[in-house]
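First up is the structure itself, then whatever we jot down about it.
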Amino acid sequence: MPELPEVETIRKALVPVLEGRRLDRVLARRPDLRRPIPSGFADRLRGRRIVSVKRRAKYLLWTLEDGCTVILHLGMSGRIRVFKGKAPPLETHDHVVFETDDGARICFNDSRRFGLMALADSDRLQDHPLLATLGPEPLGPDFDGDVLAARLKGRRSPIKAALLDQRVVAGIGNIYACEALFHAGISPRRLAATVVGKRADRLAAATRAVLTKAIAKGGASLRDHRQPNGELGYFQHHFAVYGRAGATCPDCDCDAARTGGIRHLVQSGRSTFFCPHRQR
DNA sequence: CTACCATCCTGGTTGC
DNA sequence: TGCAACCAGGATGGTA
């Protein structure tokens, strides 16, 4: 569920809550999520101060003052809620709970338990197995068509599948892959390795633009995503193609009733939406 | 090396 | 209304 814009929305909300604060209470209410919560997780965090809250791909990175970094992934259904002042009772699936020295409570809630928590040495963070193979950040200063084309070189899968591969570009999931391809005018079925030159420029620019706009809207709330204050994200109202099979695409003046409008197909087991008229 | 597939899990939606 | 089947935004490990 949460892709880069949703994770970034959560990160931004956590910065003022966590940075510079000490974790006074840490409670792991079950031993595992997608993988076991590291042994002694709560003990290793309790009493530590958080230096920074950053993001890499869809991972949140909480760096502690003692040289240790918490790596946190929301999986498909993970949510983070922040309560200041009096916190309501814990809810079902509130699997990990943190409390800061100024009385904020941070709940990690994940019904499907596809999320994860891990601990890493801050010194060697980039070498951690979860992070080592990630591709470039699409919102990073160096990301452009040339970088993208280089990552796609030799790839014989459809471009849609390649965009979902975190080793190609980091942080893109099913929704934003569909949206970025639409705005770039590229068919999701196109062979990845043929996205070069101007096409790669357009896709890099479209990816950057759609992610940036989604962050500005607080991400997209289809099912699970909430901002940490409980508010919904609003970018779902700005989808051009995702979940809109049969509708007229926003840039088409063609008649959806005649042309079939936005099409749905399944690629490597995942839903793809696109406009065959606009995307080649 | 790349590509494809099943799989982990719960809950919301759809269709009979 | 009740219930079962199906579907979901991710990542990965095994197999081809």
Side-chain angles (χ1 to χ4, degrees), chain A residues 1-10 29-37 55-60 71-80 91-95 108-118 128-135 138 150-182 188-194 207 210-211 214-215 217-227 232-245 264-273:
Chain A
M1 71 158 308
E3 305 181 36
L4 186 154
E6 290 72 36
V7 178
E8 180 63 16
T9 296
I10 290 164
R29 303 179 69 223
R30 56 172 300 129
D32 61 314
L33 297 168
R34 176 180 172 72
R35 53 170 70 186
I37 293 171
R55 178 191 58 73
R56 175 79 171 104
K58 301 168 193 170
Y59 294 97
L60 286 169
I71 303 175
L72 201 154
H73 196 288
L74 298 168
M76 297 256 258
S77 58
R79 297 180 185 184
I80 290 179
E91 293 177 19
T92 311
H93 309 306
D94 276 346
H95 300 312
F108 176 83
N109 184 291
D110 183 9
S111 61
R112 290 174 75 179
R113 302 206 304 277
F114 285 5
L116 72 85
M117 305 238 170
H128 190 280
L130 290 170
L131 308 179
T133 61
L134 292 171
R151 307 293 297 188
L152 294 171
K153 193 174 178 185
R155 293 244 160 205
R156 303 203 51 80
S157 65
I159 182 64
K160 161 76 180 340
L163 286 179
L164 293 179
D165 188 330
Q166 302 298 297
R167 294 168 298 186
V168 172
V169 191
I172 298 176
N174 203 40
I175 292 176
Y176 295 101
C178 293
E179 294 294 308
L181 286 168
F182 170 78
R189 296 194 264 219
R190 172 175 282 276
L191 192 67
T194 69
T207 300
V210 74
L211 295 176
I215 292 167
K217 298 288 179 188
S221 292
L222 286 187
R223 293 196 156 97
D224 300 305
H225 172 63
R226 290 288 183 285
Q227 303 187 51
L232 295 168
Y234 295 98
F235 193 68
Q236 65 276 17
H237 303 303
H238 300 269
F239 289 165
V241 288
Y242 188 84
R244 302 189 64 238
H264 173 256
L265 66 130
V266 175
Q267 293 179 289
S268 37
R270 308 199 154 265
S271 276
T272 296
F273 298 90

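Below, read A as the first sequence line, B as the second, and so on, with proteins coming before strands; counting in each chain starts at 1. All values below come from the heavy atoms of this structure, side chains included, with hydrogens, waters and symmetry mates left out.
- Residue Arg112(A) places a side-chain atom within donor-acceptor reach of the base of dC9(B), judged by atom type and a 3.5 Å distance cut-off alone.
- Rounded to whole Å, atom P of dT12(C) lies 6 Å from atom CG of Leu130(A).
- The separation of dC6(C) from dA6(B), taken at their P atoms, amounts to 14 Å, rounded to a whole angstrom.
- Distance His73(A) NE2 to dG9(C) C1': 11 Å, rounded to the nearest Å.
- Within the 4.0 angstrom heavy-atom criterion, no nucleotide atom of any strand lies near Ser268(A).
- Separating the OH atom of Tyr59(A) from the P atom of dG10(C) is a distance of 12 Å, rounded to the nearest angstrom.
- His225(A) places a side-chain N or O within donor-acceptor distance of the main-chain N or O of Gly218(A), the cut-off being under 3.5 Å.
- The same atom, P, is picked in dC7(C) and in dC5(B); the two are 16 Å apart, to the nearest Å.
- In this structure, Tyr242(A) reaches the sugar-phosphate backbone alone: every heavy-atom distance under 4.0 Å involves primed, P, OP1 or OP2 atoms, never a base.
- The side chain of Glu3(A) lies closest to dG9(C), out of dG9(C), dC9(B), dG11(B).
- Base-pair partner of dC9(B): not found among the strands shown (Watson-Crick or G-U wobble, both distances under 3.5 Å).
- Between Asp165(A) and Arg155(A), at least one side-chain nitrogen of the basic residue sits less than 4.0 Å from a carboxylate oxygen of the acidic one, meeting the salt-bridge criterion.
- Residue Asp32(A) holds its CG atom at 9.0 Å from NE2 of His95(A), rounded to the nearest 0.5 Å.
- Here Lys153(A) contributes atom NZ and Thr194(A) contributes atom OG1; the two are 14.5 Å apart, rounded to the nearest 0.5 Å.
- Across Val241(A) and Glu179(A), no two heavy atoms sit closer than the pair N-OE2, 3.0 Å.
- The phosphate of dC8(B) (OP1 or OP2) has no side-chain N or O of Arg113(A) nearer than 4.0 angstrom.
- Between the CG atom of Leu222(A) and the C1' atom of dG12(B) there is a distance of 13 Å, given to the nearest Å.
- Stacking of Phe114(A) onto the six-membered ring of dG10(C) is present: less than 5.5 angstrom between centres, less than 30° between planes.
- A 3.5 Å limit on both hydrogen-bonding distances identifies no Watson-Crick or G-U partner for dG9(C).
- The stretch residues 152-161 of chain A touches DNA chain B through Arg155(A), Arg156(A), Ser157(A), each having a heavy atom within less than 4.0 Å of the strand.
- Minimum interatomic distance between Ala170(A) and Leu134(A) (heavy atoms only, all atoms of both residues): CB-CB, 4.4 Å.
- Atom NE2 of His264(A) and atom C1' of dC6(C) are 13 Å apart (whole Å).
- No donor-acceptor distance shorter than 3.5 angstrom exists from the side chain of Arg151(A) to the backbone of Val169(A), with no hydrogens or angles considered.
- Across the protein-nucleic acid pair, Arg34(A) atom CZ and dC9(B) atom P stand 10 Å apart, rounded to whole Å.
- A pairwise comparison of heavy atoms in Leu33(A) and Met117(A) identifies CD1-CG, 3.9 Å as the closest pair.
- If you take NZ of Lys58(A) and P of dT12(C), they are 10 Å apart, rounded to a whole angstrom.
- For the C1' atoms, the distance linking dT10(B) with dG13(C) amounts to 22 Å, nearest Å.
- Following rounding to the nearest Å, Glu8(A) (CD) and dG9(C) (P) show an atom-to-atom distance of 22 Å.
- For the pair His93(A) and dC9(B), the criterion of a side-chain N or O lying under 4.0 Å from OP1 or OP2 is not met.
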